[in-house]
Amino acid sequence: MGTAVTLVKDSPPQVPAERPARPAVVKRRGRRENLAGYLFMSPWIAGFLLLTAGPMVASLYFAFTDYNLFNSPKWIGLDNFTKMFDDPRWQKSVEVTAKYVIIGTPLKLLLALGVALLLAQSRRGQAFYRAAFYAPSLIGASVSVGFVWRALFSDDAVVDTAQTFLGFHTGGWVGDADWVLYSLVALTVWQFGAPMVIFLAGLKQVPRELYEAAEVDGAGPFRRFWNITLPVISPVLFFNVLLETIHSFQIFGSAYVVSNGYCGPADATLVYTCYLYQKGFKEAQMGFASAMAWMLLLAVALVTAVLFWSQKRWVHYEEDAR
């Protein structure tokens, strides 16, 4: 008889279970990681404290003082704010800024949306047109463009010659108190490239199936735009309205350069920040200027709050449709 052989299946090698790290070790490791993170963030933190938070706290203190940059601040309470409302030039700056925001922001957004609708369609040279329309947003805030704009709207310049040819005899806009603000509006409208790019991104998210279904139902272009395009891109529209409104409140460089530093003629371009600059650095009333800056911050915060409150009625998010 043969010898019986018993086959024994080899069992896999047992891997010793990894011991969980002790709490003290985990704590030390977390501290080292946090320390490394803070070290990498330290340049930004230092810049924020020295260049943003520090000046903001200082300006809040100066807003309640009489400070002329040469003598020590003297606490005067709310006198700067009460004097502000009695200042006719401050009231003029508020009026000019509000007019600029109300006229310039909607025109800029309308042009940006219109061009975005055209560029959203497939056509030859699309990339070139997008870059060409976006370029003014990159250079529009420069001082050199301000000088060019002032030259274009001066007497006997290009704009004056063109409107005379068309039968309008208004002269140069820069020297006319009734028209100079509209030259600033034209400058900000010309820089419609940034909101245009954002609108383009929003238009790419509109489902094509919605347009196809609307065409089957016999909806025309205007109805498709009103009932499909606008509701779908309403979050993008809200973002652009919010961003451009805040940006319009902060206008300074173009008004200062076009008016040759005088914010005129007859205070026609005396936007809020221009008057703030005059009070703070030309008249050395830094306390009054600080109070003006905080009033501007409160005004922008109020407008922002109103926009966020109103979005419930006209902004449609994807989550709301589910």
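Sorted by first and then second residue, the side-chain hydrogen bond (donor to acceptor under 3.5 Å, both in side chains) pairs involving residues 278-296 (not counting sequence neighbours) are S59-W294, R89-Q278, K279-E283, K279-Q285, E283-Q285. Residue pairs meeting the ring-ring contact (aromatic ring centres under 6.0 Å, His included) criterion with at least one member in residues 211-236: none, sequence neighbours excluded.
Between F192 and F133, the ring planes are tilted. Angles from 30° to 60° get that label.
Every residue was checked against the ring-ring contact (aromatic ring centres under 6.0 Å, His included) condition with W309, not counting sequence neighbours, and none meets it. In this structure, the side chain to side chain contact (heavy atoms under 4.5 Å, CB included) partners of S254, at least two apart in sequence or on a different chain, are L184, L187, I251. Here S144 pairs with S142 under the side-chain hydrogen bond (donor to acceptor under 3.5 Å, both in side chains) rule; sequence neighbours left out. By the side-chain hydrogen bond (donor to acceptor under 3.5 Å, both in side chains) test, D155 is found to be paired with no residue, residues two or more places apart in sequence or in another chain being considered. Listed by chain and residue number, nothing satisfies the side chain to side chain contact (heavy atoms under 4.5 Å, CB included) test with F40 (two or more places apart in sequence, or in another chain). In terms of the ring-ring contact (aromatic ring centres under 6.0 Å, His included) criterion, residue partners of F308 (sequence neighbours excluded) are, by chain and number, F238. Among residues two or more places apart in sequence or in another chain, the salt bridge (Lys or Arg N to Asp or Glu O under 4.0 Å) test is passed with E215 by none. Remark: W149 pairs with no residue by the side-chain hydrogen bond (donor to acceptor under 3.5 Å, both in side chains) rule, at least two apart or across chains. Partners of T105 by side-chain hydrogen bond (donor to acceptor under 3.5 Å, both in side chains), not counting sequence neighbours, listed by chain and number: S248. With sequence neighbours excluded, the residues satisfying ring-ring contact (aromatic ring centres under 6.0 Å, His included) with F81 are F64.
Cluster membership check: F281 shares its hydrophobic cluster with F252, using side-chain heavy-atom separations under 4.5 Å among Ile, Leu, Val, Met, Phe, Trp and Tyr.
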